[in-house]
Each structure stands twice: as structure tokens, then as C-alpha cells.
Amino acid sequence: MTKKEEFVDRRGSIRFKIPVNLAYQVARNARIHKTTAKDISAEGVRFEACDKYLKESDIVEMKLSIPPMSEHPVRVNGKVMWKRRLSLE
């Protein structure tokens, strides 16, 4: 299975690797975090989060700035389906 097929298989739809600025907030916390999405699809978005308290099944509110309509961010709610700790090496 190629990496492209793995992405399609895991999420169920094609992932687009475009830089999308996003701001997210965990529903139980008032702090807003900013990052850039790694990829986006009809079923989800993958991004690096610096929030060590972010847990699977957390509900997050996101504001996505999708080019070329970045001046009109898309607001969505989502659920954390999985997370993986990144190595600092």
C-alpha cells in the first residue's frame, strides 16, 4: 500500500496537502491555539498541536483560513479522533 493509498484508506476520502492556517480551541478551555494544517479532506484535518492536554474525543472549535477565501474563515466543530506524540529529534 502506498502512502497515498494509506491516507485515502484511513480517512475514507482524498487528503489535500495545502497549507491552511487554523485556530482551534478545546471546548473545555478558553485558550486559542494557532497552527497550520498538514492536510485537509472532506472528513477531517491533520495538524500539529502544542496543547499537551488535548485528548482523543475532545471537541474542538476551529477556524480555517482556506485560500483564496482567507478573509472569510470557515468555522467548524470537530472531534479529536487520534493523536501521536512527535519526537523532538
Is it the case that more than 12 heavy atoms not belonging to Lys83 sit under 6.0 Å from its NZ atom?
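Result for NZ/Lys83: enclosed.
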_Flag, side chain of Ser13 to backbone of Ser41, donor-acceptor distance under 3.5 Å_ =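 Looks like no, no N/O pair under 3.5 Å.
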Under a 4.5 Å side-chain heavy-atom rule over Ile, Leu, Val, Met, Phe, Trp and Tyr, are Ile32 and Phe47 clustered together?
->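 In one cluster: no.
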All N/O donor-acceptor pairs, side-chain side in residues 54-66, below 3.5 Å, sequence neighbours left out:
| unit_1 | atom_1 | unit_2 | atom_2 | d |
| --- | --- | --- | --- | --- |
| Asp58 | OD2 | Arg28 | NH2 | 2.7 |
| Asp58 | OD2 | Lys55 | N | 2.8 |

**Asked** Parallel, tilted or perpendicular for His33 and Tyr24, by the 30°/60° rule?
**Response**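 Plane angle under 30°, so parallel.
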Distance check, rounded to the nearest 0.5 Å: Gln25 atom CD versus Arg31 atom CZ?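 One finds 11.0 Å between CD of Gln25 and CZ of Arg31.
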ask   = Can you list the residues that meet the side chain to side chain donor-acceptor pair (under 3.5 Å) rule with Asn29, with sequence neighbours excluded?
value =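 So Asn29 forms no side chain to side chain donor-acceptor pair (under 3.5 Å) with any residue.
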